[in-house]
Amino acid sequence: MFIELPETKKCRESRIIQTHRVFPNDLNSFGALYGGKLMSFIDDTTSIAASRHCRRPTMTASTDKLDFLHPIYENHSVCVEAYVTGTGKKSMEIFTKVLGEDLATGERYLAATCFMTFVIVEAEENFKGVPTVIPETNEEKMIHQGYSKRREMRMKELEHNKDLANHISLTLPWMDSSDYLGE
Ligand SMILES: CC(=O)SCCNC(=O)CCNC(=O)[C@H](O)C(C)(C)COP(=O)(O)OP(=O)(O)OC[C@H]1O[C@@H](n2cnc3c(N)ncnc32)[C@H](O)[C@@H]1OP(=O)(O)O
């Protein structure tokens with residue numbers, strides 16, 4: 001049984017904010033937060049935003065370009081904030097911004113941004129669709145405004161990648177090299 005959903009939800013209803021301190025065992029060899037660790041924080045946070053919005057099981061369908069804009073150093077805090085910024089029928093776009101904070105000075109900086117798409121994988125037969133989002137703040141409005149264009153580009157890219165997938169070899173390379181070498 002799934003709960004009934006309203007037709008609309010505000011961005012703030014799905015907003016998730018996770019904050020962590022960057023410890024020595026989270027660092028890369030440059031003394032900054034390891035990128036894989038940050039990606040894991042982002043996936044974790046966005047998945048909760050998706051669940052909050054649709055209250056049904058979802059899976060990560062895609063991650064758009066993740067831009068690492070600024071390193072996050074040891075002992076700074078890393079704040080990962082995510083909320084739903086656009087919806088289709090079963091898919092939800094989630095925007096994530098990552099802020100670093102120097103806890104000694106209070107200086108805050110934008111460390112990364114990312115868009116991800118989550119898709120509902122289980123729903124009732126007559127599922128009508130996820131609630132559309134209502135942006136309220138200037139940032140939410142600006143990001144929501146670009147949703148249709150981003151979705152269009154995503155769909156084009158998906159088609160292209162599906163085509164590419166048709167040419168990817170599944171053969172174990174050490175068993176038969178003819179696929180690799182085009183013999
Ligand atoms: C929680 C986790 O850790 S998940 C782990 C990582 N994720 C996975 O393993 C997912 C693997 N992929 C899959 O299972 C499938 O490709 C799915 C579930 C993502 C999509 O299934 P499909 O059968 O292709 O979905 P279908 O074609 O019915 O489309 C459903 C919706 O998803 C959207 N969609 C499907 N694939 C993508 C994609 N790669 N990027 C963006 N949107 C997508 C469609 O546009 C459609 O949107 P709409 O309902 O808003 O119009």
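Along the sequence shown, residues are numbered consecutively beginning with 1. The analysis underlying the following values was restricted to heavy atoms, covering all of them including side chains, and did not include hydrogens, waters or symmetry mates. Order of appearance sets the numbers: ligands from 1, and atoms from 1 within every ligand.
Atom 7 (N) of ligand 1 has its closest protein heavy atom at T60 O, 2.9 Å. The nearest heavy-atom contact from the protein to atom 19 (C) of ligand 1 is A61 CB, 3.5 Å. Looking only at protein heavy atoms, the nearest one to atom 14 (O) of ligand 1 is M59 SD, 4.1 Å. Looking only at heavy atoms of the protein, atom 36 (N) of ligand 1 is closest to L158 CD2, 3.8 Å. In terms of protein heavy-atom proximity, atom 34 (N) of ligand 1 is closest to V119 CG2, 3.9 Å. Given atom 49 (O) of ligand 1, the protein heavy atom at minimum distance is K90 N, 2.7 Å. Nearest protein neighbour of atom 47 (O) of ligand 1, counting heavy atoms only, is S91 OG, 3.3 Å.
Atom CG of D163 sits about 11.5 Å away from atom CG of L158, to the nearest 0.5 Å. Distance check: I72 CD1 to Y34 OH gives 14.5 Å after rounding to the nearest 0.5 Å. Here the straight-line distance linking atom CG of D64 with atom CG of L66 works out to 10.0 Å at 0.5 Å rounding. Note that CD of E13 is 6.0 Å distant from NZ of K10, once rounded to the nearest 0.5 Å.
Of the residues R15, K97, R12, the one that meets the salt bridge (charged side-chain N to carboxylate O under 4.0 Å, His left out) test with E140 is R15. Exactly one of K37, R21, E101, H20 qualifies for a side chain to side chain contact (heavy atoms under 4.5 Å, CB included) with V78. That residue is H20.
Counting heavy-atom neighbours within 6.0 Å of N138 CG, excluding the residue itself, gives a total of 12 or less.
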query: Could you walk me through whether H76 and E74 pass the side-chain hydrogen bond (donor to acceptor under 3.5 Å, both in side chains) check?
result: CA-CA 5 Å; H76 288 200; E74 183 178 357; over 6 Å; no

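Ligand 1 places these atoms under 4.0 Å from at least one heavy atom of S62: 39 (N), 40 (N), 41 (C). Against a heavy-atom cut-off of under 4.0 Å, G88 is close to the following atoms of ligand 1: 50 (O). With ligand atoms numbered from 1 in the order given, ligand 1 contributes 18 (C) to contacts under 4.0 Å with heavy atoms of V121.
Polar contact with ligand 1: present for R151 (N/O pair, distance under 3.5 Å). By the 3.5 Å distance cut-off applied to N or O atoms, T117 is not counted among the residues near ligand 1. Below 3.5 Å of separation, one finds no N or O of T58 facing any N or O of ligand 1.
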Return a table of donor-acceptor pairs under 3.5 angstrom between the side chains of residues 118-125 and protein atoms on other chains or two or more places apart.
{"unit_1": "E124", "atom_1": "OE1", "unit_2": "R56", "atom_2": "NE", "d": "3.0"}
{"unit_1": "E124", "atom_1": "OE1", "unit_2": "R56", "atom_2": "NH2", "d": "3.4"}
{"unit_1": "E124", "atom_1": "OE2", "unit_2": "R56", "atom_2": "NH2", "d": "2.9"}

Determine all donor-acceptor pairs shorter than 3.5 Å in which one atom belongs to a side chain in residues 83-96; sequence neighbours excluded.
{"unit_1": "Y83", "atom_1": "OH", "unit_2": "E139", "atom_2": "OE2", "d": "2.6"}
{"unit_1": "T85", "atom_1": "OG1", "unit_2": "E93", "atom_2": "O", "d": "3.4"}
{"unit_1": "T85", "atom_1": "OG1", "unit_2": "E93", "atom_2": "OE1", "d": "2.6"}
{"unit_1": "S91", "atom_1": "OG", "unit_2": "R151", "atom_2": "NH1", "d": "3.2"}
{"unit_1": "E93", "atom_1": "OE1", "unit_2": "R150", "atom_2": "NH2", "d": "2.8"}
{"unit_1": "E93", "atom_1": "OE2", "unit_2": "R150", "atom_2": "NE", "d": "2.7"}
{"unit_1": "E93", "atom_1": "OE2", "unit_2": "R150", "atom_2": "NH2", "d": "3.4"}
{"unit_1": "E93", "atom_1": "OE2", "unit_2": "R154", "atom_2": "NH1", "d": "3.3"}
{"unit_1": "E93", "atom_1": "OE2", "unit_2": "R154", "atom_2": "NH2", "d": "2.7"}

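Counting protein heavy atoms under 4.0 angstrom from atom 10 (C) of ligand 1 gives one or more. Put simply, atom 40 (N) of ligand 1 has protein non-hydrogen atoms near it, under 4.0 Å away. Atom 29 (O) of ligand 1 is never approached by the protein to below 4.0 angstrom, counting heavy atoms only. Note that atom 32 (O) of ligand 1 has protein non-hydrogen atoms nearby, at separations under 4.0 angstrom. Atom 24 (O) of ligand 1 is not flagged as protein-proximal [any protein heavy atom, distance under 4.0 Å].
Within the 3.5 Å criterion, the main-chain N or O of G36 finds no donor-acceptor partner in the side chain of S40.
Under the 4.5 Å side-chain heavy-atom criterion for Ile, Leu, Val, Met, Phe, Trp and Tyr, V130 and F115 are members of distinct hydrophobic clusters.
At least one heavy atom of M155 lies less than 4.0 angstrom from ligand 1.
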